[in-house]
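Notes follow the structure.
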Amino acid sequence: MSSITNYNPMKVSVIVDGRIITGFSDASMVVITRNEDIVSTAVGTQGDVVYSENANRSGTITLSLQETSSSVDFLRRIAKGRKEVNVVISDTNKTPAEVTSANRCRITKIPDNKKEKTAGSIDVTIFAPVIED
């Protein structure tokens, strides 16, 4: 039997440096990407397999915001100040809630300052040395 589930984007929150981020774009809120695979493989000439665990737990957190979001100015100030921040992403659509966090993060590039015919979106990329999930 098939199941029916609900997803509510209002149950997803992103907190950067203690502040709730608001004003996400219409397409995406947040994307969390690991920088490397968690395991690498090697297969010998006789088919023997070796898994090598990767200790690199770094990644990138990309926030997609409307260019009119007040959070853009907040994040721009963090980037210009070269400040380390903590990031927490919580999704209570799931039981138990899915929480991803990262400490000592840095915004890698000052967010773009766009002026367009219609309001667009701005991506803010945050480097996370260790993603905890």
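Everything numeric here is computed off the predicted structure, so don't read it as measured data. Heads up: numbering here begins at 1 and tracks the sequence.
For CZ of Arg104, the number of neighbouring non-hydrogen atoms (other residues, nucleotides, ligands) closer than 6.0 Å is 12 at most.
Using a 3.5 Å distance cut-off with no hydrogens or angles, the side chains of Asp91 and Asn93 do pair a donor with an acceptor. Side-chain atoms of Thr62 and Asp123 form no donor-acceptor pair, as typed in the model, at a separation below 3.5 Å.
Val14 belongs to a hydrophobic cluster whose other members, connected by ILVMFWY side-chain contacts under 4.5 Å either directly or through intermediates, are Tyr7, Val12, Val16, Ile21, Phe24, Met29, Val30, Ile32, Ile61, Leu63, Leu65, Val72, Phe74, Leu75, Ile78, Val85, Val87, Ile89, Ile107, Ile122, Val124, Ile126, Ile131. By the 4.5 Å side-chain criterion applied to Ile, Leu, Val, Met, Phe, Trp and Tyr, Met10 is assigned to no cluster and stands alone.
A heavy-atom distance below 4.5 Å is not found between the side chains of Asn103 and Ser101. Taking the side chain as every heavy atom from C-beta outward, Lys80 and Ile110 approach each other to under 4.5 Å. Proximity of Arg77 to Lys83: side-chain heavy atoms (C-beta onward) are nowhere separated by under 4.5 Å. Looking only at side-chain heavy atoms (C-beta outward), Pro111 and Arg76 come within less than 4.5 Å of each other. Two residues are said to be in side-chain contact when any heavy atoms from C-beta on lie closer than 4.5 Å; Cys105 and Asn86 fail this criterion. Between Ser71 and Gln66 there is no side-chain heavy-atom pair separated by less than 4.5 Å.
Under 4.0 Å is where a charged nitrogen must lie from a carboxylate oxygen, and between Arg34 and Asp37 no such pair does.
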Check the pair Arg57, Glu132 against side-chain contact (heavy atoms from CB on, under 4.5 Å), reporting the backbone distance first and the verdict last.
CA-CA 8 Å; Arg57 296 172 56 201; Glu132 301 283 349; 2.9 Å; yes
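Between the OG atom in Ser52 and the CD1 atom in Ile38 there is a gap of 13.0 Å [rounded to 0.5 Å].
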